[in-house]
Engineer: 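Structure incoming, see below.
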Amino acid sequence: MTSTTTDPEWTLADRLRKAREHAGLEQRELATEIGIGRSTIVSYEAGRTVPHRPVLVSWALRCGVSYEWLCDEVNVVRLKGKARGKARP
């Protein structure tokens, strides 16, 4: 019997939400702690916009996940072309 596994393909938005939930934080709490608005958190987690690198670093540090896991650099580059709104590194 052949067994194949498939790793989940999470988007950056998925990873942002999962990291926040892993840390046990509400959107408003994380927003306050990393210095951005709650509506910005909502936009990032919905995949409408891509956070700047300093926000990603702060998010990873506060949520206790690695920057590398959070960003999955290949996915960040791919998502920038798909995200609506402004997207800068």
Side-chain angles (χ1 to χ4, degrees):
M1 186 184 303
T2 303
S3 174
T4 59
T5 59
T6 304
D7 292 333
E9 290 193 31
W10 291 327
T11 65
L12 175 62
D14 294 330
R15 289 174 187 264
L16 291 170
R17 180 182 49 79
K18 288 176 185 300
R20 178 183 55 76
E21 290 173 349
H22 170 75
L25 296 169
E26 297 293 326
Q27 290 174 332
R28 187 172 307 284
E29 292 173 301
L30 179 60
T32 299
E33 292 188 25
I34 66 173
I36 59 178
R38 182 188 162 277
S39 62
T40 304
I41 297 279
V42 170
S43 182
Y44 293 156
E45 290 186 357
R48 288 189 295 267
T49 56
V50 176
H52 298 271
R53 182 166 291 141
V55 172
L56 291 169
V57 170
S58 296
W59 197 302
L61 287 170
R62 177 55 192 94
C63 293
V65 300
S66 73
Y67 173 81
E68 291 77 17
W69 177 84
L70 185 64
C71 295
D72 186 16
E73 292 289 345
V74 172
N75 284 334
V76 171
V77 171
R78 187 172 64 227
L79 286 171
K80 284 183 180 179
K82 295 180 181 178
R84 290 172 280 173
K86 295 180 182 175
R88 288 189 263 170

Engineer: Taking atom SG of Cys63 and atom CZ of Arg17, what is their separation to the nearest 0.5 Å?
Structural biologist: 12.5 Å
Engineer: Measuring from Ser66:OG to Leu61:CG, what's the distance to the nearest 0.5 Å?
Structural biologist: 10.5 Å
Engineer: Could you report the tightest heavy-atom contact between Val50 and Tyr44, atom names first, then the distance?
Structural biologist: C-CE2, 3.9 Å
Engineer: Using the salt bridge (Lys or Arg N to Asp or Glu O under 4.0 Å) criterion, which residues pair with Glu26? Sequence neighbours excluded.
Structural biologist: none
Engineer: Check whether any side-chain heavy atom of Ile36 sits under 4.5 Å from a side-chain heavy atom of Ser58, and report yes or no.
Structural biologist: no
Engineer: If hydrophobic clusters are built from ILVMFWY residues whose side chains come within less than 4.5 Å, do Leu25 and Tyr67 share one?
Structural biologist: yes
Engineer: Say whether, by atom type as modelled, one donor and one acceptor occur between the side chain of Arg15 and the main chain of Cys71 under 3.5 angstrom.
Structural biologist: no
Engineer: Measure the CZ-CZ distance between Arg28 and Arg38 for me, rounded to the nearest 0.5 Å.
Structural biologist: 5.5 Å
Engineer: Any heavy-atom pair between the side chains of Trp59 and Ile41 that's under 4.5 Å?
Structural biologist: yes
Engineer: So, for Ile34 and Arg62, which heavy atoms are closest and what is the spacing to 0.1 Å?
Structural biologist: CG2-CB, 4.2 Å
Engineer: Give, for atom CZ of Arg20 and atom CD of Glu33, the distance between the pair rounded to the nearest 0.5 Å.
Structural biologist: 12.0 Å
Engineer: Taking the side chain as C-beta and beyond, is there a heavy-atom pair between Leu16 and Leu56 under 4.5 Å?
Structural biologist: yes
